[in-house]
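In the text below, chain A, chain B and the rest are named by the order of the sequence lines, each starting its count at 1. This structure is a prediction, so every number in the text was calculated from the model and none was measured.
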Number of protein chains: 2
Amino acid sequence: MKDVAREAGVSASTVSRVLTGATRVVPAKRAAVERACKKLGYHPDGLAAALRNRSSQSVGILVPDIENPIFPAVIRAAEHELALAAVDVVLCDADNDVAVEARRLDTLLRRRVDGLLVCPVHREHSAPALRAAALRVPTVQLDRYALTDVDFVGTDQDSGMRQVVEHLRDRGARTAVFVGGYRGMSSLTERAQAFERACAEHGIAARPTVDVRFPDADNGRRHARDLLARGGLPDAIACASDELAFGLLVELRAAGVRCPEDVLVTGHDDIPAAGYMELTSVNQSLPDKGREAARLLRHQSSSPRQVRLTPTLVARTSTARPSPAYAAAGPAAEGSHG
Amino acid sequence: MKDVAREAGVSASTVSRVLTGATRVVPAKRAAVERACKKLGYHPDGLAAALRNRSSQSVGILVPDIENPIFPAVIRAAEHELALAAVDVVLCDADNDVAVEARRLDTLLRRRVDGLLVCPVHREHSAPALRAAALRVPTVQLDRYALTDVDFVGTDQDSGMRQVVEHLRDRGARTAVFVGGYRGMSSLTERAQAFERACAEHGIAARPTVDVRFPDADNGRRHARDLLARGGLPDAIACASDELAFGLLVELRAAGVRCPEDVLVTGHDDIPAAGYMELTSVNQSLPDKGREAARLLRHQSSSPRQVRLTPTLVARTSTARPSPAYAAAGPAAEGSHG
DNA sequence: CTGAAAGCGCTTACAG
DNA sequence: CTGAAAGCGCTTACAG
């Protein structure tokens with residue numbers, strides 16, 4: 001920058017002023033500076049500016065596992081929203097491990113991010129490190145929470161599960177089970193509870209929730225085998241995630257159980273593969289979630305906020321069955337449902 | 001830091017020395033410094049250190065679209081490899097747009113990343129900005145290239161497509177078509193050429209490659225309709241990506257064309273959904289790709305390197321058909337194939 | 001409108 | 001082993 005100043009015959013202050021555009025500068029000098037920048041191939045140093053400004057114009061996003069298909073869409077939307085304010089994103093992956101998560105929080109903070117968007121790995125075990133971070137910098141919890149007094153953007157699980165249960169009931173289900181309770185993730189815990197409440201409201205006999213270690217396809221397969229071994233499948237199986245449902249479907253198919261003929265199956269999150277797999281799912285609008293989280297970060301509040309987005313059911317073949325109301329009219333009405 | 005020094009009764013230099021661990025410091029002072037850090041709740045500033053050290057200990061990863069399922073696995077592996085060297089990653093999404101990509105390169109460079117891992121949006125249009133970046137900082141191209149004289153980590157497409165074609169031939173295919181040529185992505189262009197070469201070698205009649213605007217499910221559906229409208233499907237359809245194949249499968253199914261009975265279909269990349277969909281695909285080992293790219297970045301060379309990873313075919317139901325050799329033994333041998 | 005000066009928080013020769 | 005000093009590249013009151 002000094003070199004540019006010398007080349008342009010002005011002071012460094014002036015160079016800075018034309019570059020930041022903060023103040024008026026006479027056109028002649030402005031032009032001289034611009035010419036000098038070109039000529040010398042000058043590239044401003046954002047780190048130095050950040051140090052001086054005490055703001056890095058960046059936020060950290062920390063997710064448990066970037067390979068979990070719900071995160072890319074959220075991250076992308078958040079990134080876009082933040083880009084509007086010229087803020088960029090430092091992304092970290094916690095490897096589904098609270099120790100790694102704590103380390104990542106540390107490096108993010110050391111890098112002086114202006115804020116944090118984090119989806120905690122574990123409801124309880126993530127709390128201490130997250131609390132320490134939240135004390136230092138604006139923080140928004142994404143999709144799951146570990147702290148109740150820190151901003152949170154999530155899904156209205158009651159709404160989602162009620163839609164699922166109503167849909168299943170309309171398809172004639174009288175008994176159902178929820179696969180995927182897990183107290184390490186607030187979202188799954190809430191979903192399980194919401195499912196039970198909705199079943200009670202709609203007169204569906206809910207079997208005890210099946211707890212999983214993790215909502216992935218492998219556990220879907222495992223629990224499908226368990227359910228089959230136990231014998232007497234319920235009319236419907238509601239899964240806590242799409243991947244869980246995929247694993248379950250594969251295993252059911254292998255066992256000769258047909259879906260939707262023999263059992264109705266639903267997933268959750270409506271990831272792209274749910275469409276190919278013809279799996280009925282609950283769409284969370286991941287982009288909205290990311291955008292909303294970014295907004296909370298930009299517009300701080302003194303009291304913690306909880307934003308719940310309403311999801312919408314997406315009906316597909318995995319629950320295709322004429323509803324009793326339409327039975328008389330024939331099965332052709334199916335496609336227009338949901 | 002000054003405060004810590006005062007509290008500990010030493011100089012700032014000493015504080016720095018105990019924090020970086022660069023030099024010996026007498027235990028008493030070391031302890032005093034550590035105590036003072038605790039007491040004051042001191043947090044080091046990585047930005048200032050980076051400014052002084054002229055190294056931010058971070059690299060930028062720029063992908064065309066983080067929602068493309070091949071990237072999360074690559075990013076994650078690269079992040080892990082870099083974390084070994086205490087380097088962290090700043091992730092940007094180019095929105096599949098070369099203008100956005102150029103802007104992102106700019107912010108990354110301004111943030112003084114020590115290196116760049118980029119998958120170029122477009123083979124030709126991404127070149128100028130990428131060249132400018134590569135001149136300033138070590139750069140590795142990921143999966144696709146825009147520059148031939150800059151490090152590149154990609155797939156050995158000849159090997160992959162040869163495996164596909166041999167597999168199809170063993171399943172009795174005599175005619176085939178490749179869906180997904182696109183000159184904007186070096187990977188797809190190479191794949192199309194490799195397919196044609198392999199067909200020629202193996203005596204399969206290859207129809208003219210179908211060019212797509214983009215290798216996603218929508219275009220898979222569109223081209224399935226085109227192929228159907230044209231009439232007379234070939235024995236096999238090799239797709240440039242899994243998503244293309246998914247879209248194609250959905251549309252074929254809707255038209256009453258059975259896979260694998262009526263036509264064999266393959267995808268590419270072996271994303272998780274390929275497993276659920278029982279789609280035969282080509283596994284690229286995404287983690288290896290990310291790891292390898294990170295390594296090239298850490299170990300610079302004066303001459304540009306090109307690393308090609310050998311992919312492996314993963315045979316699934318979408319190409320399940322007894323090979324002529326096994327026909328006599330019956331279809332039970334199927335599962336052990338590929 | 002503009003320049004000189006101070007300072008953001010660190011690190012590292014340099015001299016003891 | 002340790003301190004004083006300089007400097008990384010910026011920005012912004014302050015005084016003109």
The residue among V90(A), L91(A), I61(A), V137(A) that forms side chain to side chain contact (heavy atoms under 4.5 Å, CB included) with L108(A) is V90(A)
Under 3.5 Å donor-acceptor, R305(B) side chain and L296(B) backbone: yes
From CZ of R6(A) across to C1' of dG3(C) the rounded distance in Å is 16 Å
Here the salt bridge (charged side-chain N to carboxylate O under 4.0 Å, His left out) pairs for residues 82-109 of chain B, sequence neighbours left out, are R76(A)-D93(B), R76(A)-D95(B), E79(A)-R104(B), R111(A)-D88(B), D106(B)-R110(B)
When rounded to whole Å, the CZ to P distance for the pair R111(B) and dC10(D) reads 14 Å
Listing for DNA chain C: consecutive Watson-Crick or G-U pair runs of at least 3, distance cutoff 3.5 Å, ranges ordered by first number, gives C:1-3 with D:14-16, C:5-12 with D:5-12, C:14-16 with D:1-3
OP1 or OP2 of dT2(C) under 4.0 Å from side-chain N/O of K29(A):
yes
When rounded to whole Å, the CG to P distance for the pair D3(A) and dC10(D) reads 10 Å
V150(A) backbone acceptor or donor facing Q141(A) side chain under 3.5 Å: yes
Here the ring-ring contact (aromatic ring centres under 6.0 Å, His included) pairs for residues 84-128 of chain A, sequence neighbours left out, are H122(A)-H125(A)
Output for pair (Y182(A) OH, S241(A) OG), nearest 0.5 Å, gives 13.0 Å
Kindly give the atom pairs (protein nitrogen or oxygen, nucleotide nitrogen or oxygen) under 3.5 Å for nucleotides 4-8 of chain C.
{"from": "dA4(C)", "atom 1": "N7", "to": "S13(A)", "atom 2": "OG", "distance (Å)": "3.3"}
{"from": "dA4(C)", "atom 1": "N6", "to": "S13(A)", "atom 2": "OG", "distance (Å)": "2.8"}
{"from": "dG7(C)", "atom 1": "N2", "to": "R52(A)", "atom 2": "NH1", "distance (Å)": "3.4"}
{"from": "dC8(C)", "atom 1": "O3'", "to": "R54(A)", "atom 2": "NH2", "distance (Å)": "2.7"}
{"from": "dC8(C)", "atom 1": "O2", "to": "R52(A)", "atom 2": "N", "distance (Å)": "3.4"}

Answer yes or no: does a side-chain N or O of T14(B) lie under 4.0 Å from OP1 or OP2 of dC1(D)? no
For residues 36-66 of chain B, the ring-ring contact (aromatic ring centres under 6.0 Å, His included) pairs (sequence neighbours left out) are none
message = Between D45(B) and A48(B) (side chain of the first, backbone of the second, donor and acceptor by atom type, cut-off under 3.5 Å), is there such a pair?
response = yes
Exercise. In whole Å, what separates the C1' atom of dT12(D) from that of dG16(D)?
Worked result: 16 Å
Rounded to whole Å, the CG-C1' distance (L47(B) to dC10(D)) equals 12 Å
Query raised in the report: So what does S16(A) hit on the nucleic acid, given a heavy-atom distance under 4.0 Å: a base, only sugar-phosphate, or nothing?
Result: base
Contacts satisfying salt bridge (charged side-chain N to carboxylate O under 4.0 Å, His left out) that involve residues 284-296 of chain B (not counting sequence neighbours) are E81(B)-R295(B), D143(B)-K289(B), D288(B)-R291(B), E292(B)-R295(B)
